[in-house]
Amino acid sequence: MAQKPSIPKGTRDFSPAEVAKRNHIISIVKKHFERYGFQPIETPSFENSETLLGKYGEEGDRLIFKILNSGDFISKVDDVTYSSKNSNSLTPKITEKALRYDLTVPFARYVVMHQNEIDFPFKRYQIQPVWRADRPQKGRFREFYQCDADVVGANSLLQEVELIQLYDAVFTELGLEGTTIKINNRKILYGIAEVIGAQNRLVDFTVALDKLDKIGEQAVKAEMIKKGISESAIAKATPLFGMVGTNEEKLEILKGLLSESELGTEGVEEVKTILTYVEGLGLTSASLQLDVTLARGLNYYTGAIFEVAAPATVKMGSIGGGGRYDDLTGIFGLKDVSGVGISFGLDRIYLVLEELGLFPESLETSLDILCLNFGEKEGAAALKLVSALRSFGLRADLYPSAAKVQKQFKYADKRKVPYVILLGEKELNAGQFIVKDMTTGNQEYYTLNNPEEFFQTL
RNA sequence: GUGGUUGUAGCUCAGUUGGUUAGAGCGCCUGAUUGUGGUUCAGGAGGUCGUCGGUUCGAGACCGAUCUUCCACCCCA
């Protein structure tokens with residue numbers, strides 16, 4: 001090797017052990033998605049630029065990976081644009097495709113394109129990588145997996161209730177105790193902005209409010225002033241900052257505060273309904289918490305907003321999020337289709353489970369039985385034995401060459417194989433094979449004609 | 001995108017004010033042990049010190065650029 005190879009910033013290789021752990025999470029997520037009636041779809045890793053651009057705000061556009069056109073693309077650019085050296089005007093002329101930034105927008109595109117084939121309400125799930133040209137940090141990558149479940153064509157708040165249950169079911173089976181599902185409603189945020197007279201600064205207001213638990217009341221107020229929100233408006237919003245207590249108590253405060261806002265009152269009612277349902281059904285490992293400061297950046301949410309926080313002992317950003325969007329397909333020309341969905345952050349959940357030691361030990365075993373190789377004749381017999389074991393559903397393998405027994409044992413040890421089979425000349429002549437239990441060191445004889453006898457002992 | 005931080009063997013890290021041949025632990029390979037792993041003992045391999053350039057008689061160390069890591073913003077899974 002002339003020079004050491006490398007991979008791009010924010011990307012990762014996954015070893016067999018890491019893939020096993022990732023698959024463990026994926027299989028549980030998938031199982032519960034299907035249990036709740038979701039069907040899988042997949043979409044291309046790249047879309048036409050116009051499908052993605054403008055859907056995530058200005059910041060989002062900057063983070064979208066653009067794909068250079070094929071062929072002699074630069075000669076097709078007019079001289080004025082070319083010599084302007086302006087990226088913003090040049091980029092659209094030399095890139096027509098872009099890597100997907102999330103799974104929700106491609107899904108909306110999918111729904112619109114296939115609206116005549118889809119049976120509504122449509123519940124789909126999707127587990128695929130997405131790409132963002134972000135600066136990497138812990139738990140932040142430029143290529144990462146999202147696991148999304150969305151329902152479109154169903155307005156009922158029961159969907160929100162089910163999605164909360166789904167979160168709880170997945171985290172429970174992963175063994176992750178103490179997650180907090182935070183819930184809020186865009187209508188409440190709008191109502192607050194309306195009541196305090198800052199509806200034209202809704203986004204700035206919510207983005208600042210979202211930082212409350214991170215930077216504190218004073219800093220949030222300072223940011224609001226900087227964004228042009230009046231002091232009198234902020235003063236009216238002050239009750240929000242110190243809002244503590246149970247979900248019911250918070251709802252009462254909000255109800256009073258938003259009594260003059262029709263939309264705000266609607267939002268309060270929606271949250272109340274969802275909370276009541278969930279309370280009736282109960283959650284196993286997660287707790288549901290109303291959090292008025294929860295804003296989430298994505299602008300397309302119109303109703304409920306969710307975010308899942310890892311257990312407080314782990315320092316990690318949100319491990320999931322979602323919400324209701326009433327008009328996502330509208331941007332692609334299909335009006336009046338309401339959607340609601342949630343997303344699991346696979347890579348972050350992985351880091352949390354790793355930190356808490358919650359991956360099952362059984363994932364370390366990638367092979368149940370290794371049969372040692374003692375030579376040509378013995379190997380042939382061993383191959384037959386291995387085939388029989390495989391037919392029982394065991395993960396069995398024959399060491400490929402008649403290397404030193406010591407070396408073969410060492411290999412078995414490294415691979416954490418629980419059983420090793422010895423089938424040498426002696427055993428072959430006696431029609432037997434030896435099974436060594438690698439944890440206890442015990443060895444047992446079995447007959448070659450009846451490998452099932454060994455299988456029954458497992 | 002802004003500001004900072006990091007990079008020495010496969011891994012975790014030492015390396016003094018710039019000065020001979022860059023070290024340790026773990027791991028790896030070989031042997032003790034030609035049919036028994038995890039323990040032990042002996043020996044061995046492996047580094048153009050992230051990369052490129054500069055300062056200097058001399059650079060792992062100083063300077064610049066670049067890539068990478070992590071962190072705080074921005075934003076977000």
Side-chain angles (χ1 to χ4, degrees), chain A residues 1-12 15 25 29 56-64 87-88 101-104 127-148 203-204 206-208 210-211 214-215 219 223 294-299 306-310 315-323 341-352 370 372-375 378 399 402-428 433-443:
Chain A
M1 262 181 294
Q3 76 199 65
K4 279 187 184 168
S6 62
I7 55 173
K9 181 189 349 195
T11 65
R12 292 138 314 145
S15 67
I25 300 171
V29 169
Y56 311 100
E58 207 176 309
E59 189 68 25
D61 281 2
R62 206 194 77 214
L63 298 176
I64 291 172
S87 301
N88 288 333
Y101 177 86
D102 71 357
L103 300 178
T104 307
I127 301 175
Q128 289 190 278
V130 302
W131 295 270
R132 296 185 186 179
D134 210 354
R135 280 245 182 127
Q137 276 180 40
K138 191 183 195 111
R140 270 176 101 147
F141 308 98
R142 300 180 102 178
E143 176 183 65
F144 63 97
Y145 271 72
Q146 286 192 332
C147 314
D148 277 27
V203 173
D204 288 332
T206 54
V207 166
D210 192 51
K211 295 175 187 166
K214 204 171 176 182
I215 62 176
E223 181 167 331
L294 174 61
R296 307 214 76 226
L298 261 20
N299 301 317
F306 306 115
E307 184 166 301
V308 184
K315 197 175 167 253
M316 180 64 67
S318 65
I319 55 176
I342 56 170
S343 178
F344 290 82
L346 169 65
D347 300 87
R348 286 190 180 176
I349 292 169
Y350 181 104
L351 292 171
V352 170
L370 180 74
L372 302 195
N373 190 328
F374 286 91
E378 297 90 332
Y399 196 88
K404 291 178 77 168
V405 173
Q406 193 183 182
K407 191 183 166 80
Q408 297 192 46
F409 261 106
K410 235 171 189 158
Y411 177 79
D413 196 49
K414 288 270 173 53
R415 283 266 253 135
K416 299 189 164 73
V417 183
Y419 297 99
V420 167
I421 286 177
L422 294 96
L423 207 183
E425 197 180 353
K426 272 184 289 180
E427 290 77 28
L428 185 57
F433 64 95
I434 298 171
V435 177
K436 175 163 179 169
D437 182 327
M438 293 295 276
T439 47
T440 64
N442 292 339
Q443 301 194 163

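A, B, ... follow the sequence lines: proteins, then strands. Residue 1 opens every chain. Note that this is a predicted model, so its numbers are computed, not measured.
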Are [X] and [N] close enough that a side-chain N or O sits under 4.0 Å from OP1 or OP2?
X: K416(A); N: G38(B); value: no
X: Q443(A); N: U36(B); value: no
X: K414(A); N: C28(B); value: yes
X: K9(A); N: U68(B); value: yes
X: K211(A); N: C75(B); value: yes

Nearest of [options] to any side-chain atom of [X]?
X: K426(A); options: G35(B), C74(B), C76(B); result: G35(B)
X: K404(A); options: G31(B), A77(B), A72(B); result: G31(B)
X: K410(A); options: G37(B), U36(B), C75(B); result: G37(B)
X: K436(A); options: A77(B), C74(B), U36(B); result: U36(B)
X: R132(A); options: A77(B), C75(B), U36(B); result: A77(B)
X: K138(A); options: G35(B), U33(B), C70(B); result: C70(B)
X: F374(A); options: C73(B), C74(B), G35(B); result: G35(B)
X: K407(A); options: U30(B), C76(B), G1(B); result: U30(B)
X: R135(A); options: G3(B), U69(B), C74(B); result: G3(B)
X: Q137(A); options: C74(B), C75(B), G37(B); result: C74(B)

Backbone N/O of [Y] and side chain of [X]: donor-acceptor pair under 3.5 Å:
X: D347(A); Y: G139(A); result: no
X: E425(A); Y: E378(A); result: no
X: R142(A); Y: D134(A); result: yes
X: R12(A); Y: F144(A); result: no
X: N373(A); Y: Y399(A); result: yes

*Would you check if F144(A) stacks with the base of A77(B), given a 5.5 Å centroid limit and a 30° plane limit, both strict?*
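Yes, F144(A) stacks on the base of A77(B).
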Interatomic distance where [atom1] belongs to [X] and [atom2] belongs to [N] [whole Å]:
X: F409(A); N: U39(B); atom1: CZ; atom2: C1'; value: 16 Å
X: Y419(A); N: U36(B); atom1: OH; atom2: C1'; value: 17 Å
X: F306(A); N: C76(B); atom1: CZ; atom2: P; value: 18 Å
X: L294(A); N: A77(B); atom1: CG; atom2: C1'; value: 14 Å
X: I64(A); N: C75(B); atom1: CD1; atom2: C1'; value: 13 Å
X: M438(A); N: U36(B); atom1: CE; atom2: P; value: 13 Å
X: D134(A); N: C74(B); atom1: CG; atom2: C1'; value: 9 Å
X: F433(A); N: G35(B); atom1: CZ; atom2: C1'; value: 17 Å

If I pick the [atom1] atom on [M] and the same atom on [N], what distance separates them, to the nearest angstrom?
N: U21(B); M: U2(B); atom1: P; result: 43 Å
N: C41(B); M: U5(B); atom1: P; result: 44 Å
N: U56(B); M: G18(B); atom1: C1'; result: 9 Å
N: C28(B); M: U39(B); atom1: P; result: 9 Å
N: G25(B); M: A14(B); atom1: P; result: 16 Å
N: U16(B); M: C11(B); atom1: P; result: 22 Å
N: U12(B); M: C70(B); atom1: P; result: 12 Å
N: U51(B); M: U68(B); atom1: P; result: 15 Å

Base paired to [N] (Watson-Crick or G-U; both N/O distances under 3.5 angstrom):
N: C73(B); answer: G1(B)
N: C62(B); answer: G54(B)
N: A24(B); answer: U12(B)
N: A42(B); answer: U30(B)

Ignoring hydrogens and angles, does a donor from either the side chain of [X] or the base of [N] sit under 3.5 Å from an acceptor on the other?
X: R415(A); N: G37(B); answer: no
X: D413(A); N: G37(B); answer: yes
X: Q408(A); N: G35(B); answer: no

What does [X] touch in the nucleic acid at a heavy-atom separation under 4.0 angstrom: a base, only the sugar-phosphate, or nothing?
X: L422(A); answer: base
X: G57(A); answer: nothing
X: E143(A); answer: nothing
X: G375(A); answer: nothing
X: G424(A); answer: base

*asked:* side chain to side chain contact (heavy atoms under 4.5 Å, CB included), that's the test. Do V405(A) and F374(A) meet it? Break it down for me.
replied: CA-CA 8 Å; V405(A) 173; F374(A) 286 91; 3.6 Å; yes
*Would you sort out whether D204(A) and E223(A) count as a side chain to side chain contact (heavy atoms under 4.5 Å, CB included), showing the intermediate values?*
CA-CA 9 Å; D204(A) 288 332; E223(A) 181 167 331; over 6 Å; no
*Name the residue closer to the 5' end of RNA chain B, choosing between E59(A) and V405(A) according to the nucleotide with the nearest heavy atom.*
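Residue closer to the 5' terminus by nearest nucleotide: V405(A).
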_By nearest heavy atom, map L423(A) and G60(A) onto RNA chain B; which one lands nearer the 5' end?_
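The residue whose closest nucleotide sits nearer the 5' end is L423(A).
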*In terms of ring plane angle, is the pair Y56(A) and Y101(A) parallel, tilted or perpendicular, where the classes change at 30° and 60°?*
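Taking Y101(A) first and then Y56(A), their aromatic rings sit tilted (interplane angle of 30° to 60°).
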_Would F409(A) and L422(A) count as a side chain to side chain contact (heavy atoms under 4.5 Å, CB included) here? Give the steps._
CA-CA 10 Å; F409(A) 261 106; L422(A) 294 96; 4.2 Å; yes
